[in-house]
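Worksheet: the structure to be examined is printed underneath.
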Amino acid sequence: MTLRPTIDDIARAAGVSTGTVSRVINGKHTVAERTRAHVQDVMTSLGYTPDPAARHLSWRRGQTLGLSLDRDDPVLHPYHVLFRRALEAQTAALGVRLEDLRADLRQITRLPSAVLVLHATERDSRLDYLREQGIPAVLIGHQLGAFWVAPDDVGGARLATEQLTRAGHRHLAYLGRGDSQVAQDREYGFQDAARAAGAHTQFIPGDFTVLGGYRAVRRAWENGARFTGLFAQSDESAAGAIAALDDLGVRVPQDVSVVGFDGLPELPVPVQLTTVAQDIPRIASTALTLMQEAVAGRAARGEYIPVQLKPGATVAPPGGTP
């Protein structure tokens, strides 16, 4: 069993004192920015995550951490469930309560102590409002001048698309064209990789759900759309797409190869889905570290979290077998 690195390990690797490492973890202002960045790089390289029960966050027991969702986002969306579970694994020991915020933040009489903003859009207005109200906030997405953390959506979409083009596919579709930052970033990565391979592309609007993926792909196919490789913006929409193709008599992957994004552990698909997996626990941990920095008044910063391609059984050469 691999031992979890300790503060002493970080200090030795970084060439600083354990006190300096502790001050970096706890967001103290007494550490030079160059030293802080060096220590944080060492923690990342060693896979160190501070023990939430041991570190002293700036918020107090009994305070609340709000999760600001889009009004149409289902609370029981699998990604949200996994993300919330990862947060609770760290906040429970601190006595910090999570609170789902579904309404317009301006309509909430009493805002939480701090807020994580999910389902980001470009120049998300929720951040401006929270800043006006003096509420520390972290965006699950990216925005200049804000605290933010996001998976590498563009790079992950490239990985997914390259998996299709390496298998020989040159007629590709992207399922998920929409207004969200996630959809746009993944579309950009898809376009970039498809262009590099000289592939023909088409775009199918759709949401992140199984039902949305099913309806969108079925409608597109029945209206004459044809492609041999499909990159879906989420694992759920990929599952819906596979179900729609199956109902239409189109075999996956023999007729159409499909790649998803998220790395969800359970999906309603007959075979293992080829997907790009997010590190949801690390995103949650980083969000809480950034929130600590926001509460402490540190300068805003952001961080991209690496993703990983997970090959499955839904990609094969055109007309071939996996």
* **Any side-chain heavy-atom pair of Leu101 and Val115 under 4.5 Å** => yes
* Structure fact -> Nearest heavy-atom approach of Arg158 to Gly189 is CG-O, 3.5 Å
* Short side-chain donor-acceptor distance under 3.5 Å, Tyr304 and Asp153 -> no
* Can you find a pair of side-chain heavy atoms, one from Asp279 and one from Val307, that are under 4.5 Å apart? -> no
* Give the intermediate values and the outcome of side chain to side chain contact (heavy atoms under 4.5 Å, CB included) for residues Leu98 and Thr64. => CA-CA 6 Å; Leu98 300 182; Thr64 54; over 6 Å; no
* To do: State the CZ-CD distance between Phe147 and Gln292, to the nearest 0.5 angstrom.
  => 10.5 Å
* Enclosure of Glu132 CD (heavy-atom neighbours >12, cutoff 6.0 Å) -> yes
* Asked: Which pair of heavy atoms, one from Ala316 and one from His169, lies closest together, and at what distance?
  -> O-NE2, 2.6 Å
* **Tyr214 vs Thr209 side-chain heavy atoms within contact, under 4.5 Å** => no
* Asked: For the hydrophobic clusters of this structure (ILVMFWY residues joined by side-chain heavy atoms under 4.5 Å, transitively), does one cluster hold both Tyr79 and Val210?
  -> no
* Any side-chain heavy-atom pair of Pro306 and Arg282 under 4.5 Å -> yes
* Asked: Under 30°, 30 to 60°, or over 60°: which ring-plane class applies to Phe227 and Trp221, parallel, tilted or perpendicular?
  -> perpendicular
* **Side chain to side chain, Leu127 and Gln143, heavy atoms closer than 4.5 Å** => yes
* Just checking, is any N or O donor in the side chain of Arg126 or Ser68 under 3.5 Å from an acceptor N or O on the other one? -> yes
* Answer with yes or no whether the hydrophobic clustering places Val154 together with Tyr174; edges join I, L, V, M, F, W, Y residues whose side-chain heavy atoms lie under 4.5 Å apart. => no
* With no hydrogens and no angle check, is any side-chain donor or acceptor of Asp262 less than 3.5 Å from a backbone partner on Leu264? -> no
* Does Ser234 reach the main-chain N or O of Phe261 with its side chain, forming a donor-acceptor pair under 3.5 Å? -> no
* Taking all atoms of both residues into account, what is the closest heavy-atom pair of Ala183 and Gly178, and its distance? -> CB-N, 4.0 Å
* To do: Enter the distance from Met43:CE to His38:NE2 here, rounded to the nearest 0.5 Å.
  => 11.0 Å
Only pairs under 3.5 Å count here: list side-chain donor-acceptor contacts from residues 193-205, not counting sequence neighbours, and write none if there are none.
residue: Gln202; atom: NE2; partner: Arg226; partner atom: O; Å: 2.7

* At what distance, to the nearest 0.5 angstrom, does CG of Leu118 lie from CG of Asp124? -> 10.0 Å
* How about Val259 and Leu230: do any of their side-chain heavy atoms sit closer than 4.5 Å? -> no
* Asked: Is the closest side-chain donor-acceptor distance between Thr289 and Thr286 under 3.5 Å?
  -> no
* Begin from the C-alpha positions of Leu245 and Asp255 and carry the test side chain to side chain contact (heavy atoms under 4.5 Å, CB included) through to its verdict. => CA-CA 9 Å; Leu245 292 169; Asp255 301 321; over 6 Å; no
* Between the side chain of Thr314 and the main-chain N/O of Pro253, is any donor-acceptor distance below 3.5 Å? -> no
* Structure fact -> Residues joined to Val182 in its hydrophobic cluster, side chain to side chain under 4.5 Å directly or through other members, sorted by chain and number, are Phe208
* Take Phe231 and Arg186, measure what side chain to side chain contact (heavy atoms under 4.5 Å, CB included) needs, and give me the verdict at the end. => CA-CA 9 Å; Phe231 169 47; Arg186 294 178 187 177; 4.3 Å; yes
* To do: Might you confirm whether atom CZ of Arg215 has over 12 heavy atoms from other residues, nucleotides or ligands at distances under 6.0 Å?
  => no
* Asked: If you round to the nearest 0.5 Å, how far is CD of Glu99 from CG of Leu111?
  -> 9.0 Å
* Does the Gln181 side chain pair with the main chain of His142, one donor and one acceptor, at a distance under 3.5 Å? -> yes
* Atom pair CG (Leu139) and NE2 (His119), whose distance is rounded to the nearest 0.5 Å -> 11.5 Å
* Might you confirm whether atom CG of Asn223 has over 12 heavy atoms from other residues, nucleotides or ligands at distances under 6.0 Å? => yes
* Can Asp235 and Thr275 be counted as having a side-chain donor-acceptor contact under 3.5 angstrom? -> yes
* Asked: Applying the side chain to side chain contact (heavy atoms under 4.5 Å, CB included) test to Arg84, which of Thr91, Ile280, Asp100 qualifies?
  -> Asp100
* Asked: Roughly how far, to the nearest 0.5 Å, is the CD1 atom of Ile10 from the CD atom of Gln40?
  -> 11.5 Å
* **Short side-chain to backbone donor-acceptor contact, Ser285 and Pro281, under 3.5 Å** => no
* Asked: CD of Glu88: more than 12 outside heavy atoms within 6.0 angstrom?
  -> yes
* In the single-linkage hydrophobic clustering (I, L, V, M, F, W, Y; side-chain heavy atoms under 4.5 Å), do Leu69 and Val138 co-cluster? -> yes
* Asked: Are Val117 and Val149 connected in a single hydrophobic cluster, I mean Ile/Leu/Val/Met/Phe/Trp/Tyr linked by side-chain heavy atoms less than 4.5 Å apart?
  -> no
* **Nearest heavy-atom neighbours spanning Ile242 and Val269** => CD1-CG1, 4.0 Å
* N/O donor-acceptor pair under 3.5 Å between Gln233 side chain and Gly206 backbone -> yes
* Are His171 and Thr228 close enough, and set up right, to give a side chain to side chain donor-acceptor pair (under 3.5 Å), and what steps lead you there? -> CA-CA 6 Å; His171 294 275; Thr228 66; over 6 Å; no
* To do: Tell me whether Leu267 is reachable from Val256 by hopping between hydrophobic residues (I, L, V, M, F, W, Y) whose side-chain heavy atoms are closer than 4.5 Å.
  => yes
* Heavy-atom pair of closest approach, residues Ser237 and Asp207 -> CB-O, 3.7 Å
* Asked: Closest approach of Leu46 and Asp9, non-hydrogen atoms and distance?
  -> CD1-O, 4.3 Å
* Go through the steps for Ile140 and Phe83 under the test side chain to side chain contact (heavy atoms under 4.5 Å, CB included), then give the verdict. => CA-CA 11 Å; Ile140 308 302; Phe83 182 68; 3.8 Å; yes
